[in-house]
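See structure below.
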Amino acid sequence: MHIGKAIRKAHSITNIKHATVAKALGISAANYCHALSQSSMTVWRFKEICDELNMDMNSVYSLGADPDEEL
């Protein structure tokens, strides 16, 4: 699963812009988008993003779950 894809879906659901979250995290919008494109992300950064999106980590994580993906 790619966590960045799940976060992008969360942005769509919450209608919170990428730039708004980036500013709250103290990084540029470009760096934020770059972080979402990476294959891994630290748990603390994921938590920060979820908090800014007003969603819990499990809810965001479940957005990226692929029903066809084997565990």
Kindly list each side-chain donor-acceptor pair under 3.5 angstrom involving residues 43-57, sequence neighbours excluded, with atom names and distances?
{"residue": "Trp44", "atom": "NE1", "partner": "Thr42", "partner atom": "OG1", "Å": "3.2"}
{"residue": "Arg45", "atom": "NH1", "partner": "Glu48", "partner atom": "OE1", "Å": "3.0"}
{"residue": "Lys47", "atom": "NZ", "partner": "Asp51", "partner atom": "OD1", "Å": "2.9"}
{"residue": "Lys47", "atom": "NZ", "partner": "Asp51", "partner atom": "OD2", "Å": "3.0"}
{"residue": "Asp56", "atom": "OD1", "partner": "Asn58", "partner atom": "N", "Å": "3.1"}
{"residue": "Asp56", "atom": "OD1", "partner": "Ser59", "partner atom": "N", "Å": "2.9"}
{"residue": "Asp56", "atom": "OD1", "partner": "Ser59", "partner atom": "OG", "Å": "3.2"}
{"residue": "Asp56", "atom": "OD2", "partner": "Ser59", "partner atom": "OG", "Å": "2.9"}

In a check of side-chain contact (heavy atoms from CB on, under 4.5 Å) between Arg8 and each of Ile3, Leu36, Leu63, which one passes? Leu36
His2 side chain vs Gln38 backbone, donor-acceptor pair below 3.5 Å: yes
Here the gap from Cys33 atom SG to Ile7 atom CD1, rounded to the nearest 0.5 Å, amounts to 11.0 Å
Identify the two heavy atoms, one from Ala22 and one from Tyr32, that lie closest to each other, and give their separation to 0.1 Å. CB-CB, 3.7 Å
